[in-house]
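Working notes, beginning with the structure itself.
Counting starts at 1 for both ligands and their atoms, in listed order. Keep in mind that what you see is a predicted model, and the values were worked out from it rather than measured.
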Amino acid sequence: MNSKLKYINFHDKLPKEVNLIAVSKTKSNEGILELYEAGHRDFGENYVQEMVDKYNSLPKDIRWHFIGHLQTNKVKYIAQFVHLIHSVDSLKLIQEISKQGKKYNKSISCLIQCYVGNEETKFGLNSDELISLISAFEELKFPFVKIKGMMGMASNTDNEIQIRNEFSALKKLFDSIANSERDNIRMEFLSMGMSGDFEVAIQCGSNMIRVGSLLFGERNYIK
Ligand SMILES: *Cc1c(COP(=O)(O)O)cnc(C)c1O
């Protein structure tokens, strides 16, 4: 089955409130265009240079989601066109996003990357760190940054109970922040779930899933 058919089948089965981000890292422009022709517009990338190259050569109404670890000194390359940064994990990064947003007079939408009980990933914040970041964000005021939710990953394991527990804990954390929404903080999106665990993620309250290999086939190399 080609990517376009896989996409149509997959998309048709998703609950309407769930946003699908097609993770196109390492995949060619041709592969992306197949989904684009089927009507898809949201694509996710992990690497700044790869996303910039794809942005430059693909249709301009694609919404580019940055989902990988973002270094402060690279924000400037994507600020002008990025639709949503899923992987914000420090105040320093927010300060730089704000600076770049100001330069382009554009409010840049972000998710805070969090983790619960998942020690494999070196990125993301635990619940205490999330709460301090949110307080600092409110205090310092960043008119060019909008926090729109959270992104999280479950441990890379076959233990579905563990995955479910982790996703549920992330959802709980998300809801606890949602109760204290402010001007530039609105918990709209909970980005969790990938090819291997998106069903559990949706059951636990995800409304944004990031799916790569199920749509495009396995990646030939892991970057
Ligand atoms: C690669 C990646 C995905 C997609 O992974 P698949 O297993 O191919 O669906 C989702 N989120 C992040 C952060 C990724 O790096």
Under 4.0 Å from any heavy atom of Val211, which atoms of ligand 1 are there? 9 (O)

Which protein heavy atom lies closest to atom 9 (O) of ligand 1, and at what distance to 0.1 Å? Ser195 OG, 2.5 Å

Beyond-backbone contact of Leu140 with Leu91, side-chain heavy atoms, under 4.5 angstrom: yes

Should the pair His69 and Phe123 be assigned to parallel (<30°), tilted (30 to 60°) or perpendicular (>60°) ring geometry? parallel

Assess, by modelled atom type and distance only, whether the side chains of His65 and His86 contain a donor and an acceptor separated by less than 3.5 Å. yes

Could you go through Ser213 and Arg219, starting from their C-alpha distance and side-chain angles, then the distance that decides it, and tell me whether this counts as side chain to side chain donor-acceptor pair (under 3.5 Å)? CA-CA 7 Å; Ser213 33; Arg219 286 176 291 277; 4.6 Å; no

So is His86 close enough to ligand 1, meaning a heavy atom under 4.0 angstrom away? no

Heavy-atom distance under 4.5 Å between the side chains of Val88 and Gln113, does that happen here? no

What residue and heavy atom of the protein are closest to atom 11 (N) of ligand 1, and at what distance? Arg210 NE, 2.9 Å

Is the NZ or CZ atom of Arg41 both under 6.0 Å from the centre of the six-membered ring of Tyr36 and within 45° of that ring's axis? yes

For ligand 1, which atoms, with element, lie under 4.0 Å from some heavy atom of Ile67? 11 (N), 12 (C), 13 (C), 14 (C)

Just which atoms of ligand 1 are under 4.0 Å from any heavy atom in Gly212? 4 (C), 6 (P), 8 (O), 9 (O)

Could you say whether the N/O atoms of Val23 and ligand 1 ever approach to under 3.5 Å? no

For atom 15 (O) of ligand 1, grab the closest protein heavy atom and report residue, atom and distance to one decimal in Å. Lys25 NZ, 2.7 Å

Heavy atom of the protein closest to atom 7 (O) of ligand 1 (residue, atom name, distance): Ser213 OG, 3.5 Å

As an exercise, identify every atom of ligand 1 less than 4.0 angstrom from a heavy atom of Met153. 13 (C)

Taking the ring of Tyr7 and the ring of Phe216, is the distance between their centroids below 6.0 Å? no

